[in-house]
Amino acid sequence: MTEGVEIRESAAGDLPAIEALYPQAFPDEDLVPLVRALLAEGPTVLSLVADTDSGLVGHVLFTRCGLEDGTGEAALLAPLGVAPARQRQGIGSALARAGMTRLEDEGVAQVFVLGDPGYYGRLGFRREARVPPPNPLPAEWREAWQSKCLKGAEPAPGGQLSLPQPWLRPELWAP
Ligand SMILES: CC(C)(COP(=O)(O)OP(=O)(O)OC[C@H]1O[C@@H](n2cnc3c(N)ncnc32)[C@H](O)[C@@H]1OP(=O)(O)O)[C@@H](O)C(=O)NCCC(=O)NCCS
């Protein structure tokens with residue numbers, strides 16, 4: 001059902017459409033400041049859009065990061081949003097998978113995410129207990145912190161993600 005949907009890296013001109021998409025996908029949260037701040041990080045982030053004849057219908061961001069005291073390169077997946085009219089058509093999964101394929105080719109070993117295990121479990125994510133989230137989470141969110149190893153990599157034994165500034169500002173993203 002992703003026919004007619006092109007997954008590509010975003011360009012500067014996509015910013016207004018990306019900023020318009022998030023309030024539709026997340027009517028109860030304002031993720032625009034986070035998305036704006038992450039996109040300003042330039043090559044640190046991988047930003048993919050799902051583009052159609054009628055405009056952008058999805059977006060995902062991955063923040064490339066290191067693992068202090070750990071091994072290998074890592075990435076943090078967030079946020080991921082699909083326009084309500086186009087949800088449940090495989091677009092979110094296609095965006096996430098396309099990003100992980102690119103990161104795998106770059107040598108990224110492990111991708112972390114804070115999200116619904118019901119959704120991310122389908123993409124191969126499992127609860128992460130060794131590497132902590134960027135900031136402490138309420139107990140009811142512990143199941144939501146997950147990771148997935150790429151290309152047969154071993155899970156990091158521990159350590160802290162070394163993330164850029166926007167992720168060190170919980171007011172931009174914490175539940
Ligand atoms: C969550 C989201 C990114 C998924 O993208 P999508 O393109 O709709 O999802 P896909 O088509 O790839 O996958 C659909 C499957 O995921 C599951 N799914 C979708 N949203 C889900 C959710 N919030 N929780 C659990 N499962 C979910 C469904 O089981 C669905 O399968 P089904 O149609 O067979 O029941 C998108 O629905 C969205 O932007 N939602 C609003 C924002 C949001 O809640 N984001 C939270 C991400 S943690």
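Each ligand, and each atom within it, is numbered from 1 in the order the structure gives. The chain is numbered in sequence order, starting from 1.
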I'd like to check which ligand 1 atoms, numbered from 1 as shown, lie under 4.0 Å from a non-hydrogen atom of Gly90.
10 (P), 11 (O), 12 (O)
How close does the nearest protein non-hydrogen atom get to atom 3 (C) of ligand 1, and which residue and atom is it?
Leu80 CG, 3.6 Å
Backbone or side chain, does any N or O of Gly115 fall under 3.5 Å from an N or O of ligand 1?
no
Got a sec, which residues hit salt bridge (charged side-chain N to carboxylate O under 4.0 Å, His left out) with Glu29, two or more places apart in sequence or on another chain?
none
Here the gap from Thr101 atom OG1 to Glu106 atom CD, rounded to the nearest 0.5 Å, amounts to 11.5 Å
Which ligand 1 atoms, with their elements, are less than 4.0 angstrom from a heavy-atom of Asp116?
22 (C), 24 (N), 25 (C), 48 (S)
Sub-3.5 Å N/O-N/O distance, Arg88 and ligand 1:
yes
Counting non-hydrogen protein atoms only, what is the nearest one to atom 44 (O) of ligand 1? Give residue, atom name and distance.
Phe26 CE2, 4.2 Å
In terms of residue, atom name and distance, what is the protein heavy atom nearest to atom 17 (C) of ligand 1?
Tyr119 CD1, 3.7 Å
Whether Arg8 and Asp14 form a salt bridge (side-chain N of Lys/Arg under 4.0 Å from carboxylate O of Asp/Glu) is what I want to check.
yes
Can you confirm whether something in the protein, heavy atoms only, sits under 4.0 Å from atom 25 (C) of ligand 1?
yes
Test of proximity, Arg86 against ligand 1: N or O pairs below 3.5 Å
no
Are any non-hydrogen side-chain atoms of Arg102 and Leu46 less than 4.5 angstrom apart?
yes
May I ask you to check whether over 12 heavy atoms, not counting those of Asp53, lie within 6.0 Å of atom CG?
no
Can you list the ligand 1 atoms lying under 4.0 Å from a non-hydrogen atom of Tyr120?
47 (C), 48 (S)
If the condition is salt bridge (charged side-chain N to carboxylate O under 4.0 Å, His left out), which residues does Arg142 pass it with, not counting sequence neighbours?
none
Can you measure from CG (Leu31) to OH (Tyr22) and round to the nearest 0.5 angstrom?
7.5 Å
With heavy-atom distances below 4.0 Å as the criterion, list the atoms of ligand 1 near Ser93.
10 (P), 12 (O), 13 (O)
Considering non-hydrogen atoms of the protein only, which is the closest contact for atom 39 (O) of ligand 1, and what is the distance?
Val82 N, 2.8 Å
For atom 40 (N) of ligand 1, find the nearest protein heavy atom and state the residue, atom name and distance (0.1 Å precision).
Gln87 NE2, 3.3 Å
How are the rings of Phe112 and Trp145 set relative to one another: parallel (under 30°), tilted (30 to 60°) or perpendicular (over 60°)?
parallel
For atom 29 (O) of ligand 1, find the nearest protein heavy atom and state the residue, atom name and distance (0.1 Å precision).
Arg122 NH1, 3.1 Å
So is Ala94 polar-close to ligand 1, meaning N/O to N/O under 3.5 Å?
no
Ranked by distance from atom 7 (O) of ligand 1, the top protein heavy atom is Gly92 N, 2.7 Å
Numbered in order shown, the ligand 1 atoms found under 4.0 Å of a heavy atom of Gly81 are 39 (O)
To the nearest 0.5 Å, what is the distance between CG on Leu114 and CH2 on Trp167?
8.0 Å
Less than 3.5 Å between some nitrogen or oxygen of Ala25 and one of ligand 1, yes or no?
no
Val49-Leu21 co-clustered via ILVMFWY side chain contacts under 4.5 Å:
no
At what distance, to the nearest 0.5 angstrom, does OG of Ser147 lie from CG of Leu76?
11.0 Å
